[in-house]
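Reckoned from all heavy atoms, side chains included, excluding hydrogens, waters and symmetry mates.
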Amino acid sequence: MKIEDFMIPCINKTLFGVDCLGCGTQRAFVLILKGEFVEAFYMFPAIYTTILFFIILGLNFIDKSRNYHKIIISLAIINAVIMIVSYIYKLTN
């Protein structure tokens, strides 16, 4: 069995036939686990900032002595911008 057999299908793509903003996230993460870093970026350009976002978010829950809120908000905005720009690029090309 491969990890690809357990991936959750995109409901938006299944129902409407159109990719969502997060389409490719799971496949990009699997590509990172396989060591294919450039291919992961092409699959989902926001994958590295998303991983960094979740690492900082985890640190926020673990390390209560520091304030990570500004970093979390900044990474969320950066992720949103990258996802929107890459989605528009994917739709137009």
Query - Hphob cluster co-occupancy, Val81 + Ile56, side-chain heavy atoms under 4.5 angstrom - result: no

Report task. For Gln26 and Ile8, work out which heavy atoms get closest and say how close. Result -> NE2-O, 2.6 Å

**Report entry** Any donor-acceptor N/O pair, Tyr87 side chain to Asp19 backbone, under 3.5 Å
**Finding:** yes

Query raised in the report: Do you know which two heavy atoms are closest between Tyr89 and Asn93, and how far apart they sit?
Result: CE1-ND2, 2.6 Å

Report summary line: So the salt bridge (charged side-chain N to carboxylate O under 4.0 Å, His left out) pairs with at least one residue in residues 45-60 (sequence neighbours excluded) are none

Query raised in the report: Any side-chain heavy-atom pair from Leu31 and Phe41 closer than 4.5 angstrom?
Result: no

Requested in this report: Report, as yes or no, whether the 6.0 Å neighbourhood of atom CZ on Phe29 holds more than 12 heavy atoms from other residues, nucleotides or ligands.
Outcome: no

**Report entry** Pairwise distance OG1(Thr50) to CG(Leu75) - rounded to 0.5 angstrom
**Finding:** 9.0 Å

Report summary line: Minimal heavy-atom distance between Leu21 and Phe44, with the atoms involved, is O-CE1, 3.4 Å

Requested in this report: Could you state whether Ile51 and Ile77 fall into the same hydrophobic cluster, counting links through intermediate Ile, Leu, Val, Met, Phe, Trp or Tyr residues with side-chain heavy atoms under 4.5 angstrom apart?
Outcome: no

Requested in this report: Indicate, with yes or no, if Leu52 and Phe54 share a hydrophobic cluster defined by side-chain heavy-atom contacts under 4.5 Å among Ile, Leu, Val, Met, Phe, Trp and Tyr.
Outcome: yes

Query - Member of Thr25, Asn12, Ile11 meeting the side-chain contact (heavy atoms from CB on, under 4.5 Å) criterion with Cys20 - result: Asn12

Query raised in the report: Is it true that Leu15 and Val18 fall in one hydrophobic cluster, defined by side-chain heavy atoms closer than 4.5 Å?
Result: no

Requested in this report: Any chance you could measure Ser74, atom OG, to Asn79, atom CG, to the nearest 0.5 Å?
Outcome: 11.0 Å

Query raised in the report: From Glu36 CD over to Arg27 CZ, what is the distance, rounded to the nearest 0.5 angstrom?
Result: 13.5 Å

Requested in this report: Give the minimum heavy-atom separation between Ala46 and Met83, together with the two atoms involved.
Outcome: CB-CG, 3.8 Å

**Report entry** Ala40 versus Ile32, closest heavy-atom pair with distance
**Finding:** CB-CG1, 3.6 Å

Report task. Determine, step by step, whether Phe53 and Ile78 satisfy the side-chain contact (heavy atoms from CB on, under 4.5 Å) criterion, reporting the C-alpha distance in whole Å, the side-chain angles of both residues, the deciding distance to 0.1 Å, and the verdict. Result -> CA-CA 10 Å; Phe53 173 78; Ile78 291 169; over 6 Å; no

Requested in this report: Find out if a path of hydrophobic residues (ILVMFWY) with successive side-chain heavy-atom gaps under 4.5 Å connects Val38 to Ile47.
Outcome: yes

Query raised in the report: Which pairs with one or both residues in residues 61-88 pass salt bridge (charged side-chain N to carboxylate O under 4.0 Å, His left out), sequence neighbours excluded?
Result: Asp63-Arg66

